[in-house]
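Order of the sequence lines sets the chain letters (A, B, ...), proteins ahead of strands, with each chain counted from 1.
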Amino acid sequence: MFKSVREQLGKRSDMIVLVNGVETPAWDGETVASVLLRVPGAGRRSPVSGTPRLPYCQMGVCFECLAIVDGIASTQGCLVPVRPGMRIESQRGPREISR
Amino acid sequence: MSYDVAIVGAGPAGMSAAIRLREFGASVVVIDEQPSPGGQIFRGIERNASSPVFPALGKDYQKGQALAAAFRVSGAEYLPSTQVWQIEDGWNLYLTAEGKAQRIAARAVLLANGAQERPVPFAGWTLPGVMTVGAAQILLKSGGMLPEGKVWIAGAGPLPLLYATQLLNLGGRIAGFLDTSTPPRLSALRRLPGAWRDFGGLLKGLRWLRGIKRSGIIVRGFSDLRAEGNEHLEHLTWEMEGKRHRVEADVLLVHEGVVPRIHETLALGCAHHWNDEQGYLAAKVDRWGESSRKSLFVAGDASGIGGWLAATISGEIAALGIAGRLGISSETDRLRKRAHLDRRRKRALALRPFLDAMYPPPRNRLPDDVIACRCEEVTAGAIRAAARNSPADPSAVKAATRCGMGPCQGRQCGYTVQALLAEVHGLPVSEVRFFHIRPPLKPVTLGEIASLEKADRAT
Ligand SMILES: Cc1cc2nc3c(=O)[nH]c(=O)nc-3n(C[C@H](O)[C@@H](O)[C@H](O)COP(=O)(O)OP(=O)(O)OC[C@H]3O[C@@H](n4cnc5c(N)ncnc54)[C@H](O)[C@@H]3O)c2cc1C
Ligand code: FES
């Protein structure tokens with residue numbers, strides 16, 4: 001769905017992250033939510049109907065990017081830049097996570 | 001930790017306020033949930049200076065470099081990747097970074113938390129492959145990401161034109177642009193003379209439009225846009241001249257303008273005013289940017305959409321206001337005049353009345369089957385049904401449907417619920433209030449609360 005400009009210029013990725021255990025190339029500056037868009041099936045599912053969802057706003061106001069990042073559940077993926085070796089897991093999350 | 005001033009947001013408004021306040025010698029902390037300074041417009045400005053996307057992002061973007069550099073050396077303490085989730089009287093701010101919470105204290109608070117894109121529901125907007133234009137631009141500024149396949153843009157306003165231009169500059173392709181703007185109304189044309197003061201800004205818009213026309217098709221005068229597909233976006237359909245049209249699509253980017261972020265000021269009980277032309281709420285502020293609550297200031301797009309240059313100047317004005325309020329400076333009026341802040345702000349806002357009239361929020365009737373609340377999947381029809389059996393109060397709709405109870409706390413559905421209540425009860429939207437917003441402003445985990453208690457015990 002999205003591709004790095006640098007990949008189009010033939011550059012190698014900057015790092016590898018693990019998405020649901022699968023080694024996935026990633027680029028400096030991008031966020032967890034950006035990676036979720038590239039890996040098929042990595043997004044969350046609506047806790048109400050089970051339909052697939054992907055990050056929508058990329059700026060912290062829709063909560064469609066919730067993921068488990070290095071073991072921390074309900075992380076807003078669009079606010080977290082990738083780091084080498086980062087473990088990203090899809091959240092099949094609870095319906096309500098606040099309060 | 002305790003500071004003279006806590007600033008929420010390291011965008012143009014927050015950064016320029018911090019720089020000014022440091023000149024007065026105030027102790028300043030700037031908190032931002034992004035990993036680096038810049039806010040929305042200048043996102044990733046430091047890292048991108050050496051990136052191939054830098055030239056394509058345009059001259060306005062590049063202006064952020066000097067501001068971010070001045071902010072870095074200002075001596076303000078900067079807490080990146082940190083969210084503010086509660087602000088208490090007095091003032092105490094509760095923050096979370098990397099799953100750990102902490103509390104800081106400040107004598108004055110400046111909310112420079114900016115804007116978000118206006119949520120505009122339509123059929124299929126929850127389908128993977130559909131996202132906002134702002135989201136795509138953020139992907140470009142952060143990881144240098146370009147959309148692939150058949151990319152459609154639907155919406156109106158300066159941002160889609162700007163983003164499309166940035167994308168085309170980088171060799172990206174747009175299959176088509178579904179323009180939702182209505183032909184300029186008299187109110188817009190009447191404001192054109194004022195807009196000429198920003199002639200460069202107007203020309204820029206026209207140039208962007210020409211670029212898009214060359215690259216793809218522009219569709220106007222359609223209705224009932226639908227994004228369809230199984231598990232992800234596959235095609236778009238719309239109604240035009242009595243016929244249903246259908247195209248293949250991989251990515252659909254939508255945008256209908258931006259609105260202030262109001263959860264912080266609503267939770268603090270600040271007085272707000274309703275901007276009827278643009279259909280949003282914004283905290284009321286005085287000529288120094290002070291809200292209805294003493295020593296709580298609001299600057300930049302958070303107090304009304306004005307764009308990045310006006311945000312920079314309003315940040316400086318608020319800094320002077322805070323210096324006056326805290327007794328740090330007694331010359332704020334003179335300083336305000338000397339820096340020509342009012343004249344500069346007026347010029348920065350010259351194009352705004354024209355843009356506001358040119359791009360009103362969509363006011364077409366929402367079909368019953370469209371999801372209004374993404375988190376709880378509540379449709380417009382369900383909200384209408386609840387509204388018919390309740391007073392014109394969003395709390396009643398929330399209790400009946402769960403709409404607004406999900407993690408986004410009404411950031412995506414608040415205005416839709418307000419509009420549907422107004423529709424059902426035959427009231428002007430301004431007479432229906434927004435959801436009650438209570439802290440925490442972000443979902444807070446038990447682990448975070450525990451870390452807060454531990455830190456409190458240690459001090
Ligand atoms: C997605 C998007 C893209 C845009 N792109 C452009 C553009 O390319 N060109 C243009 O001219 N205008 C753009 N705008 C308009 C934008 O609002 C500018 O006018 C400008 O960035 C406003 O500056 P500001 O300082 O008021 O707020 P912003 O620049 O929005 O800065 C606010 C900052 O506050 C932070 N923040 C908010 N709430 C919290 C919280 N609770 N805790 C911690 N931090 C918080 C945010 O992370 C953000 O960095 C865009 C707006 C949006 C929403
Ligand atoms: S993508 Fe919307 S909150 Fe992260």
*Working to the nearest 0.5 Å, report the span between OG of A:Ser34 and CD1 of B:Ile138.*
11.0 Å
_Please report the interatomic distance SG(A:Cys57) to CD(B:Gln412), rounded to the nearest 0.5 Å._
6.5 Å
_CA sep, side-chain torsions, deciding dist, call: A:Arg38, B:Glu148, salt bridge (charged side-chain N to carboxylate O under 4.0 Å, His left out)_ = CA-CA 11 Å; A:Arg38 284 206 308 274; B:Glu148 289 186 297; over 6 Å; no
*Which residue out of B:Gly149, B:Ser36, B:Pro52, B:Gly99 racks up the most heavy-atom pairs below 4.5 Å with chain A?*
B:Pro52
*Non-hydrogen atoms of chain A under 4.5 Å away: do they reach the side chain of B:Arg47, the backbone, both or neither?*
side chain
_Top contributor to chain A contacts, counting heavy-atom pairs under 4.5 Å, from B:Val133, B:Leu446, B:Leu139_ = B:Leu139
*So which part of A:Pro81 gets closer than 4.5 Å to some heavy atom of chain B, the side chain, the backbone, both or neither?*
side chain
*If only atom types and distance count, is the side chain of A:Arg53 paired as donor or acceptor with the main-chain N or O of B:Cys375 below 3.5 Å?*
no
*Contact summary for A:Met59 and B:Ala115, nearest pair of heavy atoms*: CE-O, 3.2 Å
*Hey, what do you get for OG1 (A:Thr51) to CG (B:Asn230), rounding to the nearest 0.5 Å?*
11.5 Å
*Search all heavy atoms of B:Pro407 against all heavy atoms of A:Leu66 and return the closest pair with its distance.*
CG-CD1, 4.5 Å
*Compare every heavy atom of A:Ser4 with every heavy atom of B:Met145, then report the nearest pair and how far apart it is.*
SD-N, 3.5 Å
*Residue pair B:Glu33 / A:Gln76, side-chain donor-acceptor N/O under 3.5 Å*: no
*B:Thr82 OG1 to A:Leu79 CG distance, which is reported to the nearest 0.5 Å*: 10.5 Å
*Considering residues, nucleotides and ligands other than B:Glu248, do more than 12 of their heavy atoms fall under 6.0 Å from its CD?*
no
*How far apart are the closest heavy atoms of A:Tyr56 and B:Val254, and which atoms are they?*
OH-CG2, 3.5 Å
*What is the minimum heavy-atom distance between B:Pro443 and A:Phe63, and which atoms define it?*
CD-CE2, 3.4 Å
*Hey, could you give me the CZ/CG distance between A:Arg6 and B:Leu146, rounded to the nearest 0.5 Å?*
11.5 Å
_Nearest heavy atoms of A:Phe2 and B:Pro147, plus distance in Å_ = CD2-N, 3.5 Å
*asked:* Within the supplied structure, the quantity of interest is the number of heavy atoms (other residues, nucleotides, ligands) at a distance under 6.0 Å from B:Lys100 NZ; does it exceed 12?
replied: no
*CD/A:Glu64 to SG/B:Cys408 distance, rounded to the nearest 0.5 angstrom?*
8.5 Å
*Do A:Met1 and B:Met131 have side-chain heavy atoms sitting under 4.5 Å apart?*
yes
*Would you call A:Glu30 and B:Lys141 a salt bridge, taking side-chain N to carboxylate O under 4.0 Å as the test?*
no
*Count the heavy atoms belonging to other residues, nucleotides or ligands that lie under 6.0 Å from CG of A:Leu9, then report whether that count exceeds 12.*
yes
*Determine the option with the most heavy-atom pairs under 4.5 angstrom with chain A, choosing from B:Arg411, B:Glu231, B:His263.*
B:Glu231
*Toward chain A, the part of B:Gln137 with a non-hydrogen atom under 4.5 Å*: neither
*Is any NZ, NE, NH1 or NH2 atom of the basic residue among A:Arg83 and B:Glu98 found under 4.0 Å from an Asp or Glu carboxylate oxygen of the other?*
yes
